[in-house]
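Chain letters run A, B, ... following the sequence lines, proteins first and then strands; every chain starts at 1.
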Amino acid sequence: MPELPEVETYRRFLDEVILHQPISAVEVFDRHVLAVDEDALRRRLVGQIVVATRRLGKNCFLEFADGSALVLHFGMTGDVGAYRHDYDVPRFTRVAFHLADGLRVAFIDPRKFGRIRLTDSLEQYQKDKKLGPDALGISLEELSQVLRKKKTLIKPLLLDQSITAGLGNWIVDEVLYQAKIHPERRANTLTDAEFSSLYAAIQSVLKTAITQEATYRQFPANFLIHAREWDESATPGTDQHRFCPRHQKEEIAKKYVGGRATYYCQICQPEPSESI
DNA sequence: CGTTATGTTCCTAG
DNA sequence: ACTAGGAACATAAC
């Protein structure tokens with residue numbers, strides 16, 4: 001789940017439930033997700049008040065008055081939730097932040113790739129983690145300037161959080177499909193027109209996903225995402241979703257690019273020729 | 001039982 | 001210094 005749109009959705013949720021009231025306790029069910037000493041975390045949080053929520057790429061920040069922040073990264077399967085009683089703890093809750101009014105905010109993560117840490121400031125964290133500009137904040141010029149000097153395949157570059165932060169495996173496939181660019185094109189072979197459509201696709205896919213609160217099933221019919229396998233199991237019996245939305249009879253192709261499962265349309269996104 | 005998985009990071013080798 | 005590929009992490013779901 002947690003690519004940029006999901007994390008933005010989590011942030012908005014947290015903004016509604018956690019602001020302006022003291023954290024009364026920190027309950028750790030599994031310290032594996034802590035990238036900070038448990039007692040240090042407790043000392044830093046208990047009695048404190050979150051004054052703002054922020055997001056950079058796939059990272060969510062709960063900010064305190066002094067500019068320091070709790071940083072949530074959701075790994076591959078992280079989520080947030082809220083509950084009030086022990087008997088309602090969501091399954092796979094790893095850490096719970098108890099608030100003074102009795103609400104408890106859960107950091108949920110079945111696979112435990114997510115991490116909770118502290119930082120002195122967002123700027124510090126961005127520097128430490130080598131995060132580039134947020135994918136919703138970067139400009140076309142900024143993005144194309146970096147990409148056009150790279151000989152690497154475009155897909156792994158878009159996944160690289162130091163170039164622009166927030167794009168994940170599914171969204172990159174969607175963006176490349178919408179922009180009609182093959183995932184194995186070398187970045188330095190893209191034309192100006194292709195950089196423009198790539199940029200436009202990034203912005204529109206992200207905004208669409210955020211508007212739908214990252215509920216993929218509600219995405220427009222012309223989105224590639226409906227062709228992915230998990231959607232198949234979500235809507236059994238229908239085969240149509242395995243085909244390109246623009247070429248009804250063309251099956252969506254799957255291969256591994258940069259070690260990641262990659263879906264694309266062989267007609268919309270022509271294979272790069274060796275000579276380029 | 002085998003396969004696959006939304007992310008990050010580290011290691012190796014060219 | 002850059003790039004490609006692979007493994008590791010931990011676990012659920014199919």
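Phosphate contact (OP1/OP2 of B:dA5, side-chain N/O of A:R260, threshold under 4.0 Å): absent. Listed pair A:Y256 / B:dA5 meets the phosphate criterion, a side-chain N or O lying under 4.0 Å from OP1 or OP2. Put simply, A:T77 has no side-chain N or O that comes within less than 4.0 Å of OP1 or OP2 on C:dA12. At B:dT8, one or more side-chain N or O atoms of A:K58 fall inside 4.0 Å of OP1 or OP2 (strictly under the cut-off). Remark: A:K151 is not in phosphate contact with C:dC2, judged by side-chain N or O atoms under 4.0 Å from OP1 or OP2. Distances shorter than 4.0 Å separate some side-chain N or O of A:K254 from OP1 or OP2 on B:dA5. Between A:K129 and B:dT9 there is a side-chain polar atom (N or O) within less than 4.0 angstrom of OP1 or OP2. Between A:H73 and the phosphate of B:dT8, there is a side-chain N or O to OP1/OP2 separation shorter than 4.0 Å.
There is no path of hydrophobic side-chain contacts, each under 4.5 Å, that joins A:L131 to A:L159. Under a hydrophobic clustering in which Ile, Leu, Val, Met, Phe, Trp and Tyr are joined whenever their side-chain heavy atoms come within less than 4.5 Å, directly or via other members, A:V50 and A:F61 fall into different clusters.
At whole-Å resolution of the value, CG in A:L167 and P in B:dG7 are 10 Å apart. The distance from atom NZ of A:K155 to atom P of B:dG7 is 9 Å, rounded to the nearest whole Å. One atom, CZ of A:R31, and another, P of C:dC9, lie 20 Å apart when rounded to the nearest Å. Summarising the geometry, the separation between NZ on A:K112 and P on C:dA13 is reported as 14 Å, rounded to the nearest angstrom. Distance CG (A:D109) to P (C:dA10): 12 Å, rounded to an integer number of Å. Rounded to whole Å, atom P of B:dA5 lies 11 Å from atom CG of A:D173. Rounded to whole angstrom, the span from the CH2 atom of A:W170 across to the P atom of B:dA5 amounts to 9 Å. Residue A:M76 contributes atom CE, which lies 14 Å from atom P of C:dA10 at whole-angstrom precision.
The aromatic ring of A:F113 stacks onto the base of C:dC9, its centre lying under 5.5 Å from the centre of the six-membered base ring with the two planes under 30° apart.
Residue A:F92 places its side chain closer to C:dA12 than to any other of C:dA12, B:dG7, C:dT3. Candidate nucleotides C:dA10, C:dA4, B:dT8 were compared by shortest atom distance to the side chain of A:R111, and C:dA10 ranks first. Taking only side-chain atoms of A:Q161, from C-beta outward, the nucleotide of C:dT11, C:dA4, B:dT8 with the closest atom is B:dT8. With distances taken from any side-chain atom of A:H32 to the nucleotides C:dA10, B:dA5, C:dA12, the minimum falls on C:dA10.
Residue A:R91 is in sugar-phosphate contact alone, with no base atom involved, counting any heavy-atom pair closer than 4.0 Å across all strands shown. Within 4.0 Å of A:F74, counting heavy atoms only, lies no atom of the nucleic acid at all.
Between A:R185 and A:E194, at least one side-chain N (NZ, or NE/NH1/NH2) sits under 4.0 Å from a carboxylate O, which counts as a salt bridge.
Sequence order on DNA chain C of the closest nucleotides to A:G259 and A:D30 puts A:G259 first from the 5' end.
With a 3.5 Å ceiling on both atom-pair distances, the Watson-Crick or G-U wobble partner of B:dG2 is C:dC14.
Atom CG of A:N188 has more than 12 neighbouring heavy atoms from other residues, nucleotides or ligands inside a 6.0 Å radius.
Annotation: A:H226 is not in aromatic contact with A:F219 [ring centroid separation under 6.0 Å not met]. If you look at A:F107 and A:F74, their ring centroids are closer than 6.0 Å.
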